[in-house]
2 protein chains.
Amino acid sequence: MPHPVEAVGACPISPVVDLVFSRWSTPILWVLKEHGRQRFVQIQRRLSGITPKVLTQRLRQLERDGLVTRSYHAEIPPRVEYEISDLGRTLGPVFAVLTEWSDTHFTRVETARHAYDTADRPLPA
Amino acid sequence: MPHPVEAVGACPISPVVDLVFSRWSTPILWVLKEHGRQRFVQIQRRLSGITPKVLTQRLRQLERDGLVTRSYHAEIPPRVEYEISDLGRTLGPVFAVLTEWSDTHFTRVETARHAYDTADRPLPA
DNA sequence: CAGTATCCGTCTCGATACTG
DNA sequence: CAGTATCGAGACGGATACTG
């Protein structure tokens, strides 16, 4: 389920968010970036348990968006390899900034959550 | 619907993605960053039609995560104001990089989509 | 104003089974 | 191996109505 289009007017980066941060997209791009070209089952194993249906859906979307390339080799058994594209590699700085933010600020989020959960607040009941 | 936890092992930025790029989170943070402290209905109007239920849900989550602060003023009528927190403001570079990526690369995505959609491919039927 | 309560449609995911 | 087909379950969002 993509982000609503109505939000684009208020938030110009919504299209990119849909593109890169849809469910499973980021982990798939990440493993392709980290481990290079690989086959369908290898990706599936690294994402520990994603079903073939969902993996196929996401890979097709990423291929359509030009972030991933698919190469089919008509052998027996058939061999299909996926690789992050040049366009996909340009996302490197995006991931780098997110990694850096996570390393420096994520503990503050966890602290905030804990504080919120243990705060005295008027009971909803 | 958060990203699956199983993906975290393969992709360390999954928690941040859930935090910042969950549905509606980015647009809400964006309008708070752009237009400063504002009331519930103002946010609702800028996001053109988000329902109060959903807006409440997301604001609560962002408040719990420490990205947004909520201030309640017991007046008649009641007044509640939301503001991006200091922690939320540290996301500035993240948004900046995404904006830059969008400006320089998004047309290539659209080109790729068009090429994919008009490509001759064996019919699925 | 700032929400909450309820109902409902949709979408997606997950599990399972099957095919070239 | 690399998917496709089908089914069912559940989360989530949208619309509407109501409250302090």
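Residue numbering restarts at 1 for every chain, and letters A, B, ... go by the order of the sequence lines. Basis for what follows: all heavy atoms, side chains included, without hydrogens, waters or symmetry-related copies.
B:Ser22 places no side-chain N or O within donor-acceptor distance of the main-chain N or O of B:Leu19, the cut-off being under 3.5 Å. Put simply, the side chain of A:Ser71 gets close to the backbone of A:Glu81: a donor and an acceptor are under 3.5 Å apart.
At whole-Å resolution of the value, CZ in B:Arg58 and P in C:dT4 are 14 Å apart. Distance CD1 (A:Ile50) to C1' (C:dT12): 12 Å, rounded to an integer number of Å. B:Arg39 has its CZ atom 4 Å from the P atom of C:dA2, to the nearest Å. Residue A:Gln42 contributes atom CD, which lies 13 Å from atom C1' of D:dA2 at whole-angstrom precision. Between the NZ atom of A:Lys53 and the C1' atom of C:dT19 there is a distance of 17 Å, given to the nearest Å. Atoms CG (A:Leu59) and P (D:dG3) sit 8 Å apart, rounded to a whole Å. In this entry the distance linking OH of A:Tyr72 with P of C:dG20 reads 13 Å, nearest Å. When rounded to the nearest whole Å, the span between CG of A:Leu55 and P of D:dA2 equals 10 Å.
When Watson-Crick and G-U wobble pairs are counted only if both distances are under 3.5 Å, D:dG20 pairs with C:dC1. Across all strands shown, D:dA9 pairs with C:dT12; the Watson-Crick or G-U wobble distances both stay below 3.5 Å.
For A:Val54, counting side-chain heavy atoms from C-beta on, the closest listed nucleotide (D:dG13, C:dG14, D:dC1) is C:dG14. Comparing atom distances between the B:Arg60 side chain and each of C:dT6, C:dG14, C:dG3 picks out C:dG3 as nearest. Listed nucleotides: D:dA15, D:dC1, C:dC13. Nearest to the side chain of A:Arg23: C:dC13.
Between A:Arg70 and D:dG3 there is a side-chain N or O to OP1 or OP2 distance below 4.0 Å. Taking 4.0 angstrom as the limit, B:Tyr82 places a side-chain polar atom (N or O) nearer than this to OP1 or OP2 of C:dG3. A close approach under 4.0 Å does not occur between any side-chain nitrogen or oxygen of B:Gln57 and OP1 or OP2 of C:dT4. Here B:Arg45 does not reach the OP1 or OP2 of C:dA2: none of its side-chain N or O atoms lies under 4.0 Å away.
Counted by atom type alone, B:Gln42 and B:Arg45 present zero donor-acceptor pairs between their side chains at under 3.5 Å.
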How far apart are the C-alpha atoms of A:Gln61 and A:Arg58, what are their side-chain angles, what is the distance that settles it, and do they pass the side-chain hydrogen bond (donor to acceptor under 3.5 Å, both in side chains) test?
CA-CA 5 Å; A:Gln61 178 197 325; A:Arg58 294 279 86 122; 2.8 Å; yes
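The residue among B:Pro77 and A:Pro52 whose nearest nucleotide of DNA chain C lies closer to the 5′ end is B:Pro77.
Ring pair A:Tyr82/A:Phe40 is tilted by interplanar angle, where 30° to 60° counts as tilted.
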